[in-house]
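All values below come from the heavy atoms of this structure, side chains included, with hydrogens, waters and symmetry mates left out.
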Amino acid sequence: DATRWEPGPAPFISLFHLEGLIGLASADVIAGFIKLPAGSTFPTHTHLGPELVMPVQGSYVDEDGTVVGVGQVDERAPGTSHYFTVPADGPDLVYLALVWAPGVQIGDLILGPGTPDL
């Protein structure tokens, strides 16, 4: 349902929240899909808590050159920072993300469980 996608932290990023996943403490984790258009770059951000992502459509190229594609799980530890780019010649990127508290920081903005309007 396209109407369930919400605006993300940048104009080209869309979010689709998943509520009440079995086995996850909803107060400590955000779960959902994130969509970025082909050719876009997710800005540099710092993981304040653990994060797991898995593309379900498309791929992305991490700043270190690692390509993460459909079905591959990318795990980030607290304190790590990076940015990534969606190849311009591929499809839009859609990935499942699990973000644990306190979340991620993009510039001065912190996004995580309990963030108002997220």
Q) Minimum heavy-atom separation for Ala38 to Ala88, with atom names? A) CB-O, 3.9 Å
**Q.** NE2-CH2 distance between His17 and Trp5, expressed to the nearest 0.5 angstrom
**A.** 10.0 Å
Q. Parallel, tilted or perpendicular: which describes the rings of His82 and His47, with under 30° parallel and over 60° perpendicular?
A. parallel
Q | side chain to side chain contact (heavy atoms under 4.5 Å, CB included) involving Thr41 - partner list, sequence neighbours excluded | A | Tyr83, Thr85
**Q.** Spatial distance of atom OG1 (Thr80) from atom NE2 (His45) [nearest 0.5 Å]
**A.** 7.5 Å
Q. Just wondering, do Leu93 and Pro55 contact through their side chains at under 4.5 Å, heavy atoms?
A. yes
Q: Please report the closest heavy-atom contact between Ile106 and Pro43, naming both atoms and the distance.
A: CG2-CG, 3.9 Å
Q: Please identify each residue that fulfils side chain to side chain contact (heavy atoms under 4.5 Å, CB included) with Val67, with sequence neighbours left out.
A: Ser59, Val61
Q. Does one hydrophobic cluster hold both Leu98 and Leu18, with members joined at side-chain heavy-atom distances below 4.5 Å?
A. yes
Q. Linking I/L/V/M/F/W/Y whenever their side-chain heavy atoms sit closer than 4.5 Å, directly or via other members, would Leu15 and Val86 fall into one cluster?
A. yes
(Q) Is there a path of hydrophobic side-chain contacts, each under 4.5 Å between heavy atoms, that joins Val99 and Leu111? (A) yes
(Q) Asp92: which residues meet the salt bridge (charged side-chain N to carboxylate O under 4.0 Å, His left out) condition with it, sequence neighbours left out? (A) none
Q) Can you check whether Ser14 reaches Pro7 side chain to side chain, under 4.5 Å on heavy atoms? A) no
Q) Out of curiosity, does Val94 fall in the hydrophobic cluster containing Leu52 (side-chain heavy atoms, cut-off under 4.5 Å, transitive links)? A) yes
**Q.** Contact summary for Ala101 and Pro50, nearest pair of heavy atoms
**A.** O-CD, 4.4 Å
Q. Considering only heavy atoms from C-beta outward, does the side chain of Leu36 approach that of Tyr95 to under 4.5 Å?
A. yes
Q. For the hydrophobic clusters of this structure (ILVMFWY residues joined by side-chain heavy atoms under 4.5 Å, transitively), does one cluster hold both Leu109 and Val104?
A. yes
Q. Does the side chain of Pro113 come within less than 4.5 Å of Asp28's, by heavy atoms?
A. no
(Q) To check you understand the geometry: which heavy-atom pair defines the closest contact between Ile110 and Pro102, and what is its length? (A) CG2-O, 4.0 Å
Q. Under the 3.5 angstrom rule, does the side chain of Gln105 hit a backbone N or O of Gly107 as a donor-acceptor pair?
A. yes
Q: Not counting sequence neighbours, which residues clear side-chain hydrogen bond (donor to acceptor under 3.5 Å, both in side chains) with Thr66? List them please.
A: Asp64
Q | Those residues that, when tested against Pro91, pass side chain to side chain contact (heavy atoms under 4.5 Å, CB included) (two or more places apart) | A | Gln57
Q) Closest heavy-atom contact between Ser81 and Thr46? A) OG-OG1, 2.7 Å
**Q.** Separation between CZ of Phe84 and CD of Glu63, rounded to the nearest 0.5 Å
**A.** 11.0 Å
Q) Which residue pairs pass the side-chain hydrogen bond (donor to acceptor under 3.5 Å, both in side chains) test when at least one of the two sits in residues 68-78, sequence neighbours left out? A) Tyr60-Asp74, Asp62-Arg76, Asp74-Arg76
